[in-house]
Number of protein chains: 2
Amino acid sequence: MNSNIKRPTIKDVAKKSNVSVATVSRIINNLDGYSEETRKKVIEAMDELGYQRNAIARNLKVKETRTIGVLRPKISTTYYVEILNGIEDFAQRNNYSVIICNGGDKWERMSEYLQVLSERQVDGLIVCSIPPDDTLCKRIIDSHIPTVLVSGLSYKYSLPYVKVDDYQAAYSATSYLIENGHKEIAIISGPTEDPIAGVPRLNGFLQALRDNNISIKKNLIKEKGFGFIDGVEGMNELLKTGEKFTAVFAASDDCAVGALSVAHKNGLKVPDDLSIVGYDNTNIAEMSYPPLTTVAQPLYDMGKKSVEMLIKRISNNEKVESIIMPFEIIERETVKKIKNI
Amino acid sequence: MNSNIKRPTIKDVAKKSNVSVATVSRIINNLDGYSEETRKKVIEAMDELGYQRNAIARNLKVKETRTIGVLRPKISTTYYVEILNGIEDFAQRNNYSVIICNGGDKWERMSEYLQVLSERQVDGLIVCSIPPDDTLCKRIIDSHIPTVLVSGLSYKYSLPYVKVDDYQAAYSATSYLIENGHKEIAIISGPTEDPIAGVPRLNGFLQALRDNNISIKKNLIKEKGFGFIDGVEGMNELLKTGEKFTAVFAASDDCAVGALSVAHKNGLKVPDDLSIVGYDNTNIAEMSYPPLTTVAQPLYDMGKKSVEMLIKRISNNEKVESIIMPFEIIERETVKKIKNI
DNA sequence: TTGTACGCGTTATCAA
DNA sequence: TTGATAACGCGTACAA
């Protein structure tokens with residue numbers, strides 16, 4: 001605590017300006033009930049003393065901390081950075097502060113964090129990519145803390161969320177490939193244990209194939225994960241099967257870049273020999289070579305939207321609707337137009 | 001605030017268990033002065049009521065919030081993610097929470113944030129990449145909030161920092177290139193207005209050249225910045241000069257990847273036709289093709305170290321020493337050994 | 001071993 | 001237009 005300097009309190013200001021604390025408080029909070037003269041006097045005293053209001057004391061009194069807690073997985077992708085930026089910016093703009101907790105790879109210590117956040121009386125909670133396992137959801141519900149989920153949801157508990165429709169997006173990305181003339185399309189998908197971003201994207205992919213009368217080849221489906229290494233492994237396995245394919249749809253940009261990397265290593269020209277489309281549109285998509293065609297999630301806006309919903313929830317105590325955000329296919333240079341559309 | 005549910009207070013559990021609040025408080029805080037019997041009784045009451053202590057009230061009383069504020073620029077690199085992870089992990093482990101504020105591109109609203117953090121009575125402050133302009137430093141000093149700087153410093157004001165020696169690191173990276181037989185080496189450096197990461201890296205580069213009797217060619221020095229686009233522009237300009245060079249040292253990994261990208265585009269094989277070394281060792285270094293040789297900063301540890309220093313500073317109120325962290329050259333696949341060492 | 005009562009810095013009510 | 005004063009929920013002398 002600010003070392004040995006003791007900060008001036010409202011009492012000090014009151015004394016110095018010969019008024020009561022009540023009056024000082026009124027002035028601080030822009031209420032009315034004082035003359036212009038006293039206002040000046042008090043302001044002056046505050047300046048001289050370097051008075052700053054003590055938010056803690058205020059919070060105790062008004063039972064509101066203007067703080068929102070954010071739970072997120074500890075993953076080094078710009079994915080969460082963008083979401084977080086959206087959250088922070090919009091929160092700050094509305095005079096909320098943000099306490100961040102990262103939940104390790106396995107969200108092990110999540111309930112501890114929830115506990116801490118609860119004790120700290122956060123006004124609300126935002127959870128990024130909540131684990132499919134519903135225990136955390138249950139805890140959140142029990143805590144009665146207003147919460148909104150970003151890029152995740154619970155099928156069991158009713159918590160408002162903001163995300164894109166992964167099924168649709170994957171369907172659309174796959175269709176895009178098909179429209180460009182691709183027929184042998186592989187996928188490196190997320191794990192099927194992941195009901196949020198794993199299964200729907202795979203299903204969207206599959207359905208697009210079916211709807212276009214393209215037979216599904218087991219060999220061309222690799223269930224891996226969302227990391228660079230998953231892309232590498234997936235692509236290697238794909239190559240090893242000997243099955244022919246002209247395009248691959250990857251579960252994430254990192255994954256796509258991993259695939260891209262082994263393509264390079266094997267002398268495959270992208271997009272001439274092989275097309276790749278990613279997912280997310282994180283920074284790396286524009287930084288890869290060639291720049292990655294990918295389906296974009298409005299990450300920043302998702303973050304922003306989530307706090308908007310949360311604030312509405314907090315202040316009006318009203319139920320808010322979940323929101324499906326729009327996705328978009330960003331055409332860059334990793335898919336070849338085999339036939340013109 | 002948790003909707004309409006009013007949380008049980010210490011008073012409620014006191015009443016329910018027929019003891020005084022003092023006793024309950026003792027039990028909560030693991031002090032002594034009560035019988036095992038009453039302890040049980042109280043614990044039971046707490047469980048039944050679902051009591052959680054109110055950290056805000058506690059903070060007000062003990063004048064300590066166990067909160068540290070983090071100021072950081074709003075840049076989408078995994079660079080700050082790693083540092084932040086280090087900060088958060090170590091903070092949480094020591095029962096501190098972290099409030100994040102991002103300072104926009106130009107740190108415009110920094111003093112507002114400082115104000116907010118101060119009013120919220122944070123116990124300490126960590127500032128990432130503090131802007132060279134000393135006004136923020138001055139404000140921090142004036143606030144008397146214990147502070148440590150990460151990957152940045154002030155030449156004017158005395159604030160403890162943790163960073164690597166950019167001059168040394170750049171010198172070392174350049175020497176590495178020279179040792180591998182490179183003589184025509186270009187640099188895409190940060191701006192010379194940046195006295196922290198811009199100038200020292202350039203100077204280290206220059207000095208390494210001089211110490212090896214390599215003449216310095218103005219054409220091969222491009223002062224740009226730390227982003228991908230800077231690498232792109234820098235490399236394009238470099239190519240345009242017609243000056244021959246076999247290697248380029250980039251101010252950051254993002255920058256290096258930008259350079260790499262235009263190399264690809266121009267049909268230059270890396271590392272056969274051109275060697276590149278980056279700076280930072282962020283995620284992208286292993287994800288680029290070919291994987292980037294780069295000088296590594298121990299980002300996570302820097303974050304961790306900074307809160308370690310801060311906590312020491314807070315609890316003992318003792319001055320702490322600045323720390324120079326070690327760097328390391330990570331050899332991957334973007335530099336050609338023209339001659340064996 | 002336990003309880004009473006005060007104070008932390010605010011806000012808000014009520015009376016003046 | 002102002003000022004006493006009672007909360008807010010907790011920790012802690014001090015007394016019992």
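Chain letters run A, B, ... following the sequence lines, proteins first and then strands; every chain starts at 1.
- A/Val19 comes within 4.0 angstrom of the backbone, heavy atoms only, and of no base.
- Nucleic acid contact for B/Asn18: sugar-phosphate only, since backbone atoms but no base atoms lie under 4.0 Å from a heavy atom of the residue.
- Taking atom NZ of B/Lys15 as the reference point, atom P of D/dC10 lies 13 Å away to the nearest angstrom.
- Between the CZ atom of A/Arg26 and the P atom of D/dT1 there is a distance of 10 Å, given to the nearest Å.
- Counting to the nearest Å, the C1' atom of C/dA12 and the CG atom of A/Leu31 are 9 Å from each other.
- Under the 3.5 Å distance criterion, with hydrogens and angles disregarded, no donor-acceptor pair is assigned to the side chains of A/Arg120 and A/Thr67.
- Inter-residue side-chain proximity for B/Arg72 and A/Glu88 is flagged as met; some heavy-atom pair is nearer than 4.5 Å.
- Rounded to whole Å, atom C1' of C/dG7 lies 15 Å from atom CD1 of B/Ile10.
- In this structure, A/Tyr34 places its OH atom 14 Å from P of D/dG3, rounding to the nearest Å.
- A 4.5 Å side-chain heavy-atom check between B/Ser17 and B/Ile43 finds every atom pair outside the cut-off.
- If you check every strand for non-hydrogen atoms under 4.0 Å, A/Ser35 touches sugar and phosphate atoms only.
- Listed pair B/Thr23 / C/dG3 meets the phosphate criterion, a side-chain N or O lying under 4.0 Å from OP1 or OP2.
- Near-neighbour residues of DNA chain D inside residues 36-62 of chain A, defined by a heavy atom below 4.0 Å, number-ordered: A/Thr38, A/Leu60, A/Lys61.
- For the pair A/Ile100/B/Leu84, no side-chain contact is recorded, criterion being any heavy-atom separation below 4.5 Å from C-beta on.
- Rounded to whole Å, the distance from CG on B/Asp32 to P on C/dT1 is 8 Å.
- The side chain of B/Ser20 contributes an N or O atom lying less than 4.0 Å from OP1 or OP2 of C/dG3.
- The separation between B/Lys63 atom NZ and D/dG11 atom C1' is 13 Å, rounded to whole Å.
- Look at CD1 on B/Ile27: it is 13 Å from C1' on C/dG3, rounded to the nearest Å.
- Taking CD1 from B/Ile83 and CG from B/Asp301, the interatomic distance works out to 11.0 Å, rounded to the nearest 0.5 Å.
- Within the model, atoms CG of B/Leu310 and CG of B/Leu125 stand 8.0 Å from one another, a figure rounded to the nearest 0.5 Å.
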